[in-house]
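Within every chain, numbering begins at 1; the chains are lettered A, B, ... in the order of the sequence lines, protein sequences first and strands thereafter.
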Protein chains: 2
Amino acid sequence: MSGTLPPADMLCFALYSASHAMNRVYRPLLEPLGLTYPQYLVMAALWDEDEKTVKTLGSLVDLDSGTLTPLVKRLEASGLVQRDRNPQDEREVIVSLTDKGRAMQADATHIPQCILEATTLSADAAGELRDRIFRLRTALEAAG
Amino acid sequence: MSGTLPPADMLCFALYSASHAMNRVYRPLLEPLGLTYPQYLVMAALWDEDEKTVKTLGSLVDLDSGTLTPLVKRLEASGLVQRDRNPQDEREVIVSLTDKGRAMQADATHIPQCILEATTLSADAAGELRDRIFRLRTALEAAG
DNA sequence: CACAATTTAATTGTGTGCTATTTAATGATC
DNA sequence: GATCATTAAATAGCACACAATTAAATTGTG
């Protein structure tokens, strides 16, 4: 018992490969918007609630400043967000949507349905699987 | 119905963040071996069965030559694998373990158990979740 | 046999991810 | 109120990922 396994037997590889497969389904949906998948996550977080610090965004999309800073700068270069120092605390950068960034939400409303259809799951089954995977994530984070 | 969602409600983000969390659990386990997670997948595939072409490795670990070629070259530079053209078909590169690469398997046998414990799941529950996620992957790949 | 089509790796360029370090601003302690 | 510790972003360097292209070898068809 308990020796090395081929990737096809690993839970980690199931996550890894399913995450890649998900990315590949997103890619053609996001290409017309000019967004990558992590950029889409950031936009979705801002559509949910505008004006967030880089740190808050990082906790919502599971990325640190090393990844987020250049990513948000690319969104800024595309004219979708703006970055401003918080006058109350100059250490913080507040990322907020521009009019163009807000307007893009309307062009993205079809995406969740497209993804759900690609999974071939019912909405309930997808929600249940999502929660199970989030619980796995919580356990893994607690272990680290 | 069917508008944009915050990341916390997305199945895709559950996969994405759980995959990152998994990577973070692996990192300290692999650091003593000097391997990254994708490199570990390649080594695991070769421990299961030695001597595979880049293409075969790619299908087993879900990566293409653009990622695999430099990754395998780094494993070669570490002395863990060797790369040889197949004399029967000079287009193919056969990746095989060196003695050092084979010997490393013994230093990795504890890892699956560590990962299972980090999930806080029983072996059965982990296997069931793994299969469910693999089925999701299959559906997503069929949609693409 | 010739030669077009296919297949396999390698290469190039962009965009993540992450660690470690640096810089600047804030807060705590004396 | 000067100094130290903490915090938030930014930066630098390495290693994936992936699309698109290139180059070489093989196969298929006439």
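In this structure, Asp9(B) does not pair ionically with Arg130(A), as no charged nitrogen and carboxylate oxygen lie closer than 4.0 Å. Between Glu31(B) and Arg27(B) no salt bridge is recorded (no basic side-chain N to carboxylate O distance below 4.0 Å). Using a cut-off of 4.0 Å between Lys/Arg side-chain N and Asp/Glu carboxylate O, Lys52(B) and Glu92(B) are scored as not salt-bridged. The existence of a salt bridge linking Arg85(B) and Glu90(B) is excluded, since no basic side-chain nitrogen approaches an acidic carboxylate oxygen closer than 4.0 Å.
Residue Asp64(A) contributes atom CG, which lies 16 Å from atom P of dT7(D) at whole-angstrom precision. Straight-line distance from the CD atom of Glu31(A) to the P atom of dT14(C): 16 Å, rounded to whole Å. Rounded to a whole Å, the CZ atom of Arg24(A) is 10 Å from the P atom of dA17(D). We find that OH of Tyr16(B) is positioned 12 Å from C1' of dC18(C), with the value rounded to whole Å. At whole-Å resolution of the value, CD in Glu90(B) and P in dA9(C) are 12 Å apart. In this structure, the NE2 atom of His20(B) is 11 Å from the C1' atom of dA17(D), given to the nearest Å. What separates CG of Leu41(B) from C1' of dA17(D) is a distance of 13 Å, to the nearest Å. Nucleotide dT16(C) holds its C1' atom 14 Å from the CG atom of Leu30(A), rounded to whole Å.
Checking dC3(C) for Watson-Crick or G-U wobble geometry (two distances, each under 3.5 Å) identifies dG28(D) as its partner.
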Take Ile111(B) and Leu30(B) through the test side-chain contact (heavy atoms from CB on, under 4.5 Å) and record every step on the way to the result.
CA-CA 9 Å; Ile111(B) 292 178; Leu30(B) 295 177; 3.8 Å; yes
Does Asn23(A) form a side-chain contact (heavy atoms from CB on, under 4.5 Å) with Tyr16(B)? I'd like the steps, not just the answer. CA-CA 9 Å; Asn23(A) 204 325; Tyr16(B) 174 85; over 6 Å; no
Expected string for nucleotides 8-15 of chain D under the B/S/- scheme (protein heavy atoms, under 4.0 Å, primed atoms plus P, OP1, OP2 as sugar-phosphate) is SBBB---S
